[in-house]
Undergrad: 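One structure follows; several queries about it will come next.
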Amino acid sequence: STLKYKPFILHILKKSKIMELEKKSKIPEPIFILMVHDLLFSKTKRIQSKQHAWKDAIIKNRPRLEAELARLKIKHAVKSLDELIEDDDTPVRWFRTNLIKTNTDSLLREFSHLRKVNSIDEITNTGVIYHDEFIPNLFGIHPREKLTSTDAYKQGRVIIQDRASCFPAQILNPIPGKDKVIDACAAPGNKTTHLASLLNNSKRSIVAFERDNKRIDTIKMMVERAGGLDCITIHHADFTSTRPQDFKEITGMLVDPSCSGSGIFGRAFDEQDSTIDEDEAREKLNERLVKLSSFQCTIVKHALSFPNVRKVVYSTCSIHDEENEGVVRQLIEDEEVKKQGWKVSKRENVLPTWSRRGHPEVFKGYENAKELAEGCVRSLPKVDGGIGFFAVCFERKLDGDDDD
Ligand code: SAM
C-alpha cells in the first residue's frame, strides 16, 4: 500500500518540509515514508509502531501533513484516497489459457457467464470477455471482474499476463518437438511458462536462467503452479557467464532483461523523484539509461553468440528509445554480430497486424530505417490496453537451413 501511494507521500514530505524540520530526530527516509503512509493513507490512520521518538516526531506534524494531503486532493480533483491511485490500474485485465492444464474451448465454458465482445473498447464494465486477435488463447476482461477467486485461476488453468508481455514468446513461436529454447532472464516466469504452453510442455525443451536470489524462488513457484516442471529446467545463474558451446541444442532465445520499467504504471511517476528539479531528474535518468542500455547490449550480444540459435527475441517494459531501438542499433552495428549473420526480422514475421511499430528516427542514416523500425513492436501504456512494451526479433540462417 505504501508503494502504491509513494509518489504522493514523497510529494507531501517535500511540501510539508517535515524532513528538514525533524532533521535532529535522524529518521531514515523509508521510515518517514512508512509512517506518513500509516498516518494519512492507512485505514486506521494510525502509525503501526510502539511508543518511539520517531513516531512522536511525525505525529507532532500531523496538522501540517494533513493540510498537504488536502491540497493534493484538490489538485487532483479527487474526494477519496482510492481515486488518487485508481489511475494506476490496467484498463484491461489480461489472462491466457495455460495449455499445459486445459484448452481454450474448455476454459471458455468456465467463463460462459461473460458476454463476448469484439474489441477492448467494449470492456467498459464487468460481465464481458474479449478473445484477443493478436495472441492466441489470450483474453481480456474488466479489471474489476473477479478472476483470482475462480477455480480456473486457483488451479493454474489461467495465467494472468499483460497482452504485450505475451508478445516475445509468440514472436519466437517455437515448434514443439523441434525447438529447444533459453529464457535468459526468466523470473517471475511469465514468459517462461508462456513458452512451455506453446511448446506443449515437451520434455526439457526450456532452460531458464535467473540470477537473483529471491526471484529464483518466485519462478520455481510459478513453474510448479503452471505445471511446467517436466519442460523447464531452472538455473540459478548469471546468463552472461554461461558458455555458449555448452548449449549446442538451443535454437531460440528470449532475452527480457532488467530495464527502467518506465512502461509500467506508477513507476513512470516514480521516475520523477519529487525531491529534485526537472533538469537534475533528466540527467539522473540519462545516466541510468546509459548504464541499462550497456548491460542490455551485453546480455543480448551474449545470446547472439550461441552456436545454433536462429532466433533471439529481445524485449523490455520500457518506453525509452535508448533501451529499445537504441540497443537494436548498437547491436546491428557490432562487427561480431554482423559476422554471425544476424538481421532484424521483418514486420511480416513479427506480429504483422499489430499497428504500433518502432521509432524510425533512431535508425536515422540507414537506408532501410523504416524497415528496421517496422520490424520492432511497441505498445503504449494504457492507450494500447496494458503496459508500455517493446520487442524485436533477431534472426539468421545457418548452413543447411532451408531458404524459405
Ligand atoms: N521475463 C520475466 C517474465 O516475463 O516474467 C521478467 C524478467 S525481468 C524484466 C528481468 C529479470 O532478469 C530479473 O528477474 C533479473 O533478476 C534477471 N536478470 C538480470 N540480469 C540477469 C543475468 N545476467 N542473468 C540472469 N538473470 C538476470
Side-chain angles (χ1 to χ4, degrees), residues 120 132-135 162-173 253-264 267-268 271 282 285-301 303-304 310-397:
I120 57 168
D132 190 45
E133 65 193 282
F134 302 101
I135 305 291
D162 181 86
R163 172 166 66 184
S165 151
C166 295
F167 288 175
Q170 187 60 38
I171 295 169
L172 190 63
N173 199 16
M253 286 213 202
L254 289 190
V255 187
D256 183 44
S258 312
C259 70
S260 63
S262 53
I264 306 208
R267 282 201 224 167
E271 266 180 21
R282 183 69 218 169
L285 177 63
N286 281 344
E287 271 173 32
R288 196 167 161 231
L289 293 179
V290 168
K291 277 192 198 142
L292 279 168
S293 59
S294 152
F295 151 74
Q296 289 151 350
C297 273
T298 306
I299 197 159
V300 184
K301 207 178 149 184
L304 297 174
R310 269 78 163 181
K311 258 178 157 187
V312 172
V313 178
Y314 167 62
S315 58
T316 72
C317 53
S318 162
I319 53 171
H320 298 300
D321 291 355
E322 291 88 336
E323 296 178 273
N324 299 330
E325 294 87 349
V327 168
V328 178
R329 186 175 176 135
Q330 285 194 52
L331 288 165
I332 56 176
E333 285 175 1
D334 186 282
E335 287 308 321
E336 256 174 272
V337 172
K338 277 192 221 169
K339 233 189 273 162
Q340 289 157 347
W342 291 103
K343 302 251 170 356
V344 172
S345 302
K346 296 209 172 121
R347 177 173 183 153
E348 65 208 46
N349 296 324
V350 183
L351 302 175
T353 57
W354 178 261
S355 61
R356 200 177 300 285
R357 315 301 296 190
H359 293 166
E361 61 276 17
V362 184
F363 299 108
K364 211 169 141 195
Y366 277 82
E367 239 175 52
N368 61 341
K370 188 158 184 284
E371 188 184 79
L372 288 168
E374 290 281 303
C376 307
V377 283
R378 271 185 173 261
S379 83
L380 283 181
K382 302 222 168 169
V383 179
D384 292 329
I387 60 170
F389 202 78
F390 173 88
V392 65
C393 180
F394 296 92
E395 60 179 35
R396 67 169 169 184
K397 291 260 183 276

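When reading the values below, keep in mind they use all heavy atoms of this one structure, side chains included, and skip hydrogens, waters and symmetry mates.
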Undergrad: Could you tell me which residues satisfy salt bridge (charged side-chain N to carboxylate O under 4.0 Å, His left out) with Lys343, sequence neighbours excluded, listed by chain and number?
TA: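 For Lys343, no residue satisfies salt bridge (charged side-chain N to carboxylate O under 4.0 Å, His left out) once neighbours in sequence are set aside.
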Undergrad: How far does CD of Gln296 sit from CG of Leu331, to the nearest 0.5 angstrom?
TA: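 Reported to 0.5 Å precision, the distance equals 10.0 Å.
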Undergrad: Holding to side-chain contact (heavy atoms from CB on, under 4.5 Å), I want the full list of residues that pass it with Lys346, two or more places apart in sequence or in another chain.
TA: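 Residues passing side-chain contact (heavy atoms from CB on, under 4.5 Å) with Lys346: Glu348, Glu371.
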Undergrad: Does any N or O in the side chain of Arg396 come within less than 3.5 Å of the main-chain N or O of Gln340, such that one atom is a donor and the other an acceptor?
TA: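 Such a contact is found between Arg396 side chain and Gln340 backbone.
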Undergrad: So do Thr298 and Lys301 actually touch side chain to side chain, heavy atoms under 4.5 Å?
TA: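 Answer no - side chains too far apart.
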Undergrad: If you look at every heavy atom in Phe390 and Ser318, which pair is closest and at what distance?
TA: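 Scanning both residues, the minimum pair turns out to be CB-O, 4.3 Å.
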Undergrad: Among residues two or more places apart or on two chains, list those pairs meeting salt bridge (Lys or Arg N to Asp or Glu O under 4.0 Å) that have a residue in residues 349-361.
TA: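 Every pair satisfying salt bridge (Lys or Arg N to Asp or Glu O under 4.0 Å) with a residue in residues 349-361: Arg356-Asp384.
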Undergrad: Do Glu133 and Thr353 have a side chain donor and acceptor closer than 3.5 Å?
TA: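 Result is no, nothing qualifies.
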Undergrad: Determine whether Glu335 and Lys338 satisfy the following criterion, salt bridge (charged side-chain N to carboxylate O under 4.0 Å, His left out), listing intermediate values before the conclusion.
TA: CA-CA 5 Å; Glu335 287 308 321; Lys338 277 192 221 169; 3.4 Å; yes
Undergrad: How far apart are the closest heavy atoms of Asp162 and Gly386, and which atoms are they?
TA: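 Asp162 and Gly386 have their closest heavy atoms at OD1-CA, 3.3 Å.
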Undergrad: Are any side-chain N or O atoms of Ser345 and backbone N or O atoms of Cys393, one a donor and one an acceptor, separated by less than 3.5 Å?
TA: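 Present.
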Undergrad: For a 4.5 angstrom cut-off between non-hydrogen side-chain atoms, does Val328 reach Asn324?
TA: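 Val328 vs Asn324: side chains apart.
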Undergrad: Distance from Lys311 atom NZ to Asn173 atom CG, nearest 0.5 Å?
TA: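 If I round to the nearest 0.5 Å, the distance is 5.5 Å.
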Undergrad: Is there side-chain contact between Ser258 and Phe295, with at least one heavy-atom pair below 4.5 Å?
TA: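 They are in contact (side-chain heavy atoms under 4.5 Å apart), so the answer is yes.
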Undergrad: Listed by chain and number, what are the salt bridge (charged side-chain N to carboxylate O under 4.0 Å, His left out) partners of Glu325, not counting sequence neighbours?
TA: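 For Glu325 the salt bridge (charged side-chain N to carboxylate O under 4.0 Å, His left out) partners, ignoring immediate neighbours, are Arg378.
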Undergrad: Quick one: list whatever passes side-chain contact (heavy atoms from CB on, under 4.5 Å) with Arg329, sequence neighbours left out.
TA: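 With sequence neighbours excluded, Arg329 shows a side-chain contact (heavy atoms from CB on, under 4.5 Å) to Glu333, Phe363, Tyr366, given in chain and number order.
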Undergrad: Over all heavy atoms of both residues, which pair between Ser260 and Glu323 is shortest? Give the atoms and the distance, please.
TA: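 The pair with the smallest heavy-atom distance is OG-OE1, 2.7 Å.
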Undergrad: Using 0.5 Å steps for rounding, measure from the CD1 atom of Ile332 to the CG atom of Leu372.
TA: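 Output value for this atom pair is 4.5 Å.
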Undergrad: I need the Trp354 CH2 to Ser379 OG distance, nearest 0.5 Å.
TA: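 Interatomic distance, Trp354 CH2 to Ser379 OG, rounded to 0.5 Å: 5.5 Å.
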Undergrad: For a 4.5 angstrom cut-off between non-hydrogen side-chain atoms, does His320 reach Leu292?
TA: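 No, too far: nothing below the 4.5 Å cut-off.
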Undergrad: Between Ser315 and Pro257, which heavy-atom pair has the shortest distance, and what is it?
TA: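 Taking Ser315 first and Pro257 second, the nearest heavy atoms are O-CD, 3.5 Å.
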Undergrad: For residues Ser293 and Glu322, is any side-chain donor paired with an opposing acceptor at under 3.5 Å?
TA: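 No pair is found: no donor N or O on one side chain lies under 3.5 Å from an acceptor on the other.
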Undergrad: Would you find more than 12 non-hydrogen atoms of other residues, nucleotides or ligands less than 6.0 Å from Lys370 atom NZ?
TA: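 No - once you tally the heavy atoms of other residues, nucleotides and ligands closer than 6.0 Å, there are 12 at most.
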Undergrad: If you compare all heavy atoms of Arg288 against all heavy atoms of Cys259, which two are closest, and at what distance to 0.1 Å?
TA: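 What the structure gives for the nearest pair is NH2-O, 4.3 Å.
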Undergrad: Which atom pair, heavy atoms only, marks the closest approach of Ile171 to Ala391?
TA: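 Scanning both residues completely, I find the closest heavy atoms to be CD1-CB, 4.0 Å.
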Undergrad: Report the residues that fulfil side-chain contact (heavy atoms from CB on, under 4.5 Å) with Pro360, sequence neighbours left out, ordered by chain and then residue number.
TA: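 Once residues adjacent in sequence are excluded, the partners of Pro360 under the side-chain contact (heavy atoms from CB on, under 4.5 Å) criterion are Ala373.
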Undergrad: Say you draw a straight line from CD1 of Ile387 to CD1 of Ile319; how long is it, rounded to the nearest 0.5 Å?
TA: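 Ile387 atom CD1 to Ile319 atom CD1 measures 11.5 Å (nearest 0.5 Å).
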Undergrad: Can you measure from CZ (Phe394) to CH2 (Trp342) and round to the nearest 0.5 angstrom?
TA: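 Taking CZ in Phe394 and CH2 in Trp342, the distance rounds to 9.0 Å.
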